[in-house]
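Order of listing sets the numbers, starting from 1, for every ligand and every atom in it.
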Amino acid sequence: MVDYSVNGSVAVLMVNNPPVNALGHAVRVGLKTGIERGAKDSRVRSIIIIGKGQTFPAGADIREFGKPSKEPWLTAVGNLIKTCSKPVVAAIHGTCLGGGLEIALFSHYRIAVSSARVGFPEVTLGLLPGAGGSQRLSRLTGLPVAMEMISSGRHVPARKAKEYGIIDEIVSGDLLKTALKFAQEVQSRPFKDRCLRYKVVPNADRVEEYASAALTQVKKKYKGFEAPVACVQAVRSSAELSYEEGMKRERDLFLQLGQSGQAKAQQYAFFAERAVTKWQMPGGSYKTAKPLPVRSTAVIGAGTMGSGIAVCLLSAGLPVYLLEQNEKFLQSGVKLIESIMAGSVKLGKVSMETAKRAATLLKPTLSYDDIKDVDLVIEAVFENLDIKKEVFSKLDKICKPSAILCTNTSTIDINRISSATSRPEKVVGTHFFAPAYHMKLLENIYGTKTSPEAVATVMKLGKTINKVPVLVKSCHGFLANRMNAPFSSEAIFLVEEGASPQEVDQVNEDFGMPMGPFKVRDLSGIDISWRINREVAKVLGTSITKETRFLGGNRYCGLNDDFYDKGRYGRKTGKGWYLYEKVGGKTAVADPEAEEIINSYRQSRGIVKRKITPQEIFERQFYSAINEGFRILEEGICNMPEEIDISWIYGFSYPKYRGGPMFYASQIGLQRVYDRICHYHETCPYSIHWVPNRLLKKLAENNVPFTQWANHVSKSKM
Ligand SMILES: CCCCCCCCCCCCC/C=C/C(=O)SCCNC(=O)CCNC(=O)[C@H](O)C(C)(C)COP(=O)(O)OP(=O)(O)OC[C@H]1O[C@@H](n2cnc3c(N)ncnc32)[C@H](O)[C@@H]1OP(=O)(O)O
């Protein structure tokens, strides 16, 4: 795991633990032995620590977290480096993160290639640097930089890290050769003062000011997360306490965080995000299917979604034909793209160069002929099967045979859309979430005839445009919207029965959702949900009236329709479930007029308002969604609970520190979740979504651990 060699007077400790040289137990043992050997080796006058392959150690081995820790701990290895009688040089390439940066900071010198990145991403795993990083970094960079870096987990490019004082020299050429030369040069220099613990924290007297600014910022930016606050507290102690006391404070905070549910959930989310890249479908998988090259693209429809999707493609450097049916719609799409880009530059999310390049890559057009040679098309027209079929029939005639034809449908079965073409194997769903340029989820959907090659292409595209792609099998509503349906319906039923929209939203926001379901409805538009309900009724061969209490045998609440009838469409009209300061406003306040609409709705239907507890609000929304999640798993719509959790985290901004609804269910205990679902099935009998799911029942009865749920997923999908 750590190869020891001697080159002239320099010992080289080469960490060899692919893929990221994580500092697992064997690596720690190897480093300890290597340093001890180098210190004793009479030929050696200095030591290099370097990573083999693509990177310097990218951190502790996260798979070891939560298991009994085995000595030597990282701190002990670091202390050996720090007190070594010979200077130790960290030679950095790739990603020097977490425990990797701890090792580098224990070393006496740090050199790096310009493409390297350094950082303490522990916070993203619900932790903080636990081997003294919070005490040492501030001594190098000062408090504000250390607080920001550690509480954000940001990866800092080598040049910036040099400016901060973290890196001593940026080097070019062969890293090992340069490091050998550097290590020889430092042999004659005194190096004991290079040890960071003896340095003083710059501007320590301003710690109160820096800490209070940092705390205000992290509480706002990372609302609900425990680790960022603890990170600031740890760095703060480097200025307020002696080095030894600061180390103890850091360790206490580390252990406290390590035992919290948040750390467990965030570490689960880290691996879940990687697990979903290992997709499978009938006839192919990430291992066997090769993506087709995508060098040019087209987006059909320049509305809000189409323009947002175009921004994603353009930002990744892909040329985009933006196609509309008339000049007016086309120009409004172009303007929207320009304004999204300008906003992103202003917020620092996109560089000016990227925005300028995007402008040159955008090709607005009214002609299908222009897109005949593109590699991939994304249709983003109105959510209506007939219109989509018409577009796909045209695409089929015009586009080159190898082109991948994608639809941004949010609900419609891919098979129904692909039936309009002679090449259903090339048709695949790419469902973006609003706002498309911001939300990270890309729900990719395969139909019965979609080829693994087409799927591989859109899974790769997802990565290219910086999304988190999740693959699901086609069905009505797919994964995310199918689970969101009971979640969102229950919110309305709760108000119908007696809760206020504010109470429902509050429960959701207290749980960590960034916005309650009524604020979400006001944002996306009450007119939109009104129209979707009509589409559903049309598919069911019925219509919605004031008397409608059931739709397709399911409970229906017409409250949304009453708001629609009063012209209260949400933010866009300045009022909806809430009142806003202006048309398009963002500040939602309770509105007596909305309360009046709700009261008269209840009265006209003879509903007696009752008090509903926050617990009931929570369970009815989240447990109904979880029940649907198990149905999705049972039907093989996805392969593993991780796909559901990642969809919620990146599609609905579900709090990562709770892991996702399925992980959360596992933490509550499946038997309890199942019992409550049975309870609501009895008390709310008219909603199909409360029929207790069989898979859930089976897993609960057999106490199946979360890691084995995937083994019970329908094998029809493989
Ligand atoms: C009695 C008790 C006493 C206690 C005493 C208390 C003191 C304790 C002291 C100990 C303190 C330890 C402090 C150290 C903490 C850490 O270091 S936490 C980890 C910090 N590092 C990270 O978070 C980095 C995580 N990794 C990444 O961000 C990325 O992987 C990457 C490095 C940027 C590379 O990205 P990319 O090239 O896109 O590859 P991936 O697909 O992400 O990863 C490839 C595979 O590698 C696996 N992997 C990555 N990092 C780790 C890791 N750190 N540990 C284990 N495994 C890792 C990843 O899962 C992928 O695996 P596969 O999916 O199987 O391919």
Looking at [Y] and [X], is there a salt bridge between them, counting it only when a charged N and a carboxylate O are closer than 4.0 Å?
X	Y	result
Glu102	Arg136	yes
Glu245	Lys248	no
Glu36	Lys32	yes
Glu64	Arg28	yes

Side-chain donor/acceptor of [X] to backbone N/O of [Y], under 3.5 Å:
X	Y	value
Asn21	Thr55	yes
Lys467	Met439	yes
Glu250	Gly133	yes

Among all the protein's non-hydrogen atoms, which is closest to [atom], and how far away is it?
atom	value
atom 2 (C) of ligand 1	Trp73 CZ2, 4.1 Å
atom 55 (C) of ligand 1	Asp61 OD1, 3.2 Å
atom 54 (N) of ligand 1	Ile62 N, 2.9 Å
atom 26 (N) of ligand 1	Phe270 CZ, 3.6 Å
atom 12 (C) of ligand 1	Leu74 CD2, 4.1 Å
atom 9 (C) of ligand 1	Gly130 O, 3.5 Å

Should one rank [options] by closest heavy-atom distance to [atom], which comes out on top?
atom	options	result
atom 28 (O) of ligand 1	Gln54, Arg274, Glu102	Arg274
atom 59 (O) of ligand 1	His155, Glu122, Met247, Arg63	Arg63
atom 53 (N) of ligand 1	Ala22, Gly78, Ala60, Gly59	Ala60

Given that the side chain starts at C-beta and the backbone is N, CA, C, O, which of these parts of [X] lies under 4.0 Å from ligand 1, counting heavy atoms, or is it both or neither?
X	answer
Phe56	neither
Val20	side chain
Leu255	side chain
Leu23	neither

Which atoms of ligand 1 have any heavy atom of [X] under 4.0 Å away?
X	value
Gly98	17 (O), 20 (C)
Leu125	18 (S), 19 (C), 23 (O)
Phe271	59 (O)
Thr95	32 (C)
Phe254	8 (C), 11 (C)
Arg251	6 (C)

Run the contact test for [X] against ligand 1 with a 4.0 Å cut-off on heavy atoms, strictly below, and give the result.
X	result
Lys278	yes
Pro19	yes
Thr55	no
Phe120	no

Would you say Ser315 and Thr354 are linked by a side-chain donor-acceptor pair, where the criterion is simply a distance under 3.5 Å?
no
With a 3.5 Å cut-off and no angle check, do the side chains of Glu273 and Tyr650 form a donor-acceptor pair?
yes
Counting only heavy atoms on the protein side, is anything nearer than 4.0 Å to [atom]?
atom	value
atom 17 (O) of ligand 1	yes
atom 36 (P) of ligand 1	no
atom 39 (O) of ligand 1	no
atom 7 (C) of ligand 1	yes

Taking everything shown except Arg357 itself, do over 12 heavy atoms lie less than 6.0 Å from its CZ?
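Yes, CZ of Arg357 has more than 12 neighbouring heavy atoms, counting only those of other groups under 6.0 Å.
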Kindly determine whether Tyr654 and Phe663 satisfy ring-ring contact (aromatic ring centres under 6.0 Å, His included), including the steps that lead there.
CA-CA 12 Å; Tyr654 182 97; Phe663 179 80; 9.9 Å; no
Measuring from Leu241:CG to Met247:CE, what's the distance to the nearest 0.5 Å?
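Nearest 0.5 Å value for the CG-CE distance: 12.5 Å.
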Do you know the tightest heavy-atom contact between [X] and [Y]?
X	Y	value
Ile445	Val428	O-CG2, 3.2 Å
Ala26	Met1	CB-CG, 3.5 Å
Ile47	Cys84	CD1-SG, 4.0 Å

Starting from the C-alpha separation in whole Å, work towards a yes-or-no answer on side chain to side chain contact (heavy atoms under 4.5 Å, CB included) for Met483 and Trp648.
CA-CA 9 Å; Met483 271 178 90; Trp648 275 69; 3.4 Å; yes
Within the 6.0 Å centroid threshold, strictly below: Phe706 and Tyr268
yes
Does an N or O anywhere in Pro129 fall below 3.5 Å from an N or O of ligand 1?
no
Ala58 N/O under 3.5 Å from ligand 1 N/O:
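Yes; the residue has a nitrogen or oxygen that sits under 3.5 Å from a nitrogen or oxygen of the ligand.
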